[in-house]
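Each ligand, and each atom within it, is numbered from 1 in the order the structure gives.
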Amino acid sequence: MFNVRKVTDDLFWVGGNDRRLALFENIHPLYHGVSYNAYVLLDEKTVLFDTADWAVGRQFIENVQHVLNGRPLDYLVINHVEPDHAASIQEILLRWPKVKIITTPKAVILLHQFGYPLSAGQTEEVREGDTRTFGKHTVTFAAAPMVHWPEAMVTFDTTNGVLFSADAFGSFRSLDGKLFADEFDFDGEWLDDARRYYTNIVGKYGPQVQALLKKAADKIGLDNIRYICPLHGPVWRKDIGYIVDKYLHWSSYEPEEKGVMIVYASMYGNTENAAEALASKLADRGILNTRLYDVSSTHVSYLISDLFRYSHLVLASVTYNLGIFPPMHNFLADMKALNLQKRTVALVENGSWAPRSGALMREELEKLKNMNILDDGMTLASSLQEQNLPDLEALADAIAASLAQ
Ligand code: FEO
């Protein structure tokens with residue numbers, strides 16, 4: 001049975017929700033599902049904007065058929081070729097073999113690489129600033145290279161102010177019958193999933209996202225965007241400035257808020273104890289916006305997400321095989337891979353005979369841009385002892401002083 005929502009009088013959401021997928025991109029855990037969004041415009045011509053993952057393929061096709069109500073599908077605009085959106089292209093081609101595919105030249109190359117059976121003349125390549133008119137609706141195309149694939153573009157409908165934003169402004173989480181961000185408690189319920197999606201999927205490409213936001217502001221005017229229709233998560237029709245502001249923070253690597261994230265790597269609980277003690281010392285100083293994570297039991301996508309949120313980070317690690325504890329090493333590698341910048345960091349190292357993790361973590365952090373590594377840190381020999389307490393107090397003071405700046 002079809003399941004569609006109306007976005008505007010002549011634009012329909014025809015996507016689907018996937019609550020069975022355990023790992024998005026086979027890496028990132030999903031506990032609340034994900035939606036694959038696609039949209040049909042009914043004008044003098046009919047236009048489908050993107051397709052959907054094969055996991056929801058049957059639902060998606062039923063939805064498209066219902067909205068078309070017997071009309072042919074004239075155009076398929078492909079903003080992004082990644083298979084979580086493009087997988088159902090083949091099914092569209094089987095049902096509507098005369099459909100014209102409008103997309104970027106790079107996307108055409110990728111469509112062939114992924115093996116879609118495109119017939120001669122089936123694709124129309126568009127470039128930056130090109131327009132197409134489908135009746136009363138005219139759309140313009142803007143390249144969005146490396147947000148987060150090279151072929152990506154966004155499409156802006158100049159008639160009704162709808163921006164088809166591809167993966168930009170997307171989020172993990174299924175829609176559960178609702179569609180618009182204002183139908184949810186977005187800040188309370190969705191923001192963490194939206195941040196985890198952005199930071200882990202697109203986070204590396206902050207400069208490219210900044211360029212896209214600037215292009216949208218200069219060429220379209222943010223006030224002229226009345227709807228944002230992303231490929232995952234809710235559609236924005238109110239308070240668009242809220243999500244744009246989040247993107248400005250995340251893409252510029254500026255923290256959203258002052259706070260301290262403490263991540264510890266502990267084999268037998270002694271480094272964990274030091275991390276707990278530091279959190280208590282911070283609370284004694286009135287610093288309550290703190291989060292404490294065990295790097296071994298927290299999926300790194302959650303750690304990366306909170307890194308983009310908080311201004312300060314404490315890494316506390318045991319020394320393991322004369323190196324950094326492997327899950328902590330992996331966390332540091334992900335920070336580098338995702339281009340994290342502009343954080344203040346304090347280090348705590350532990351080792352029973354040759355503590356080295358502090359110096360080694362510092363080496364890794366120095367590979368990142370604009371990181372402020374506090375001189376105050378702590379070296380433990382197996383466990384936190386009475387003689388370490390002055391160092392613990394000094395470390396808490398240093399973090400408090402930095403937060404106060
Ligand atoms: Fe949701 Fe880049 O695909």
Side-chain angles (χ1 to χ4, degrees), residues 13-39 48-57 59-60 76-92 101 103-104 106-111 113-116 141-155 163-175 179 181 190 193-209 211-213 228-236 243 246-247 250-251 301 304-305 337-339:
W13 175 87
V14 292
N17 292 290
D18 185 353
R19 297 178 191 80
R20 293 188 176 188
L21 185 68
L23 295 173
F24 189 80
E25 294 185 347
N26 217 7
I27 301 178
H28 309 294
L30 290 178
Y31 297 111
H32 306 288
V34 67
S35 74
Y36 306 107
N37 300 337
Y39 307 89
L48 171 63
F49 293 90
D50 294 290
T51 72
D53 191 274
W54 189 240
V56 299
Q59 177 75 71
F60 161 71
L76 166 59
V77 173
I78 296 179
N79 289 299
H80 185 27
V81 168
E82 194 165 7
D84 56 331
H85 309 294
S88 299
I89 288 175
Q90 193 156 348
E91 204 59 29
I92 292 290
I101 294 178
T103 193
T104 62
K106 279 200 179 82
V108 172
I109 294 169
L110 288 173
L111 288 171
Q113 283 182 200
F114 278 106
Y116 295 109
F141 306 100
M146 299 320 297
V147 183
H148 61 129
W149 274 31
E151 91 300 352
M153 69 172 186
V154 300
T155 302
L163 176 68
F164 298 95
S165 63
D167 273 340
F169 304 107
S171 179
F172 293 141
R173 235 178 154 87
S174 58
L175 291 165
L179 176 63
W190 274 74
D193 276 310
R195 185 189 302 105
R196 190 164 68 93
Y197 171 83
Y198 172 85
T199 56
N200 287 280
I201 309 299
V202 191
K204 177 181 176 65
Y205 302 106
Q208 289 84 353
V209 174
L212 182 62
L213 292 172
I228 296 178
C229 292
L231 290 175
H232 303 284
V235 168
W236 290 84
I243 193 67
K246 293 296 179 197
Y247 265 63
W250 297 336
S251 60
S301 65
I304 290 293
S305 181
L338 294 168
N339 208 9

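- Side-chain rings of Tyr36 and Phe60 stay apart, their centers remaining 6.0 Å or farther from each other.
- When atom types are taken as modelled, the side chain of Ser88 and the backbone of Ala52 share a donor-acceptor pair closer than 3.5 angstrom.
- No donor-acceptor pair under 3.5 Å is formed between the side chain of Glu82 and the backbone N or O of Trp149.
- Between Asp167 and His85, the side chains place a donor N or O and an acceptor N or O closer than 3.5 Å (distance only, hydrogens not considered).
- Remark: the His32 side chain and the Asp193 side chain contain no N/O donor-acceptor pair separated by less than 3.5 Å.
- The ring pair (Phe, Tyr, Trp, His ring centres under 6.0 Å) test with Phe172 singles out one residue from Tyr197, Tyr198, Tyr31, and that residue is Tyr197.
- Residue-and-atom listing of protein N/O/S atoms under 2.8 Å from atom 1 (Fe) of ligand 1, sorted by chain and number: Asp84 OD2, His85 NE2, Asp167 OD1, His232 NE2.
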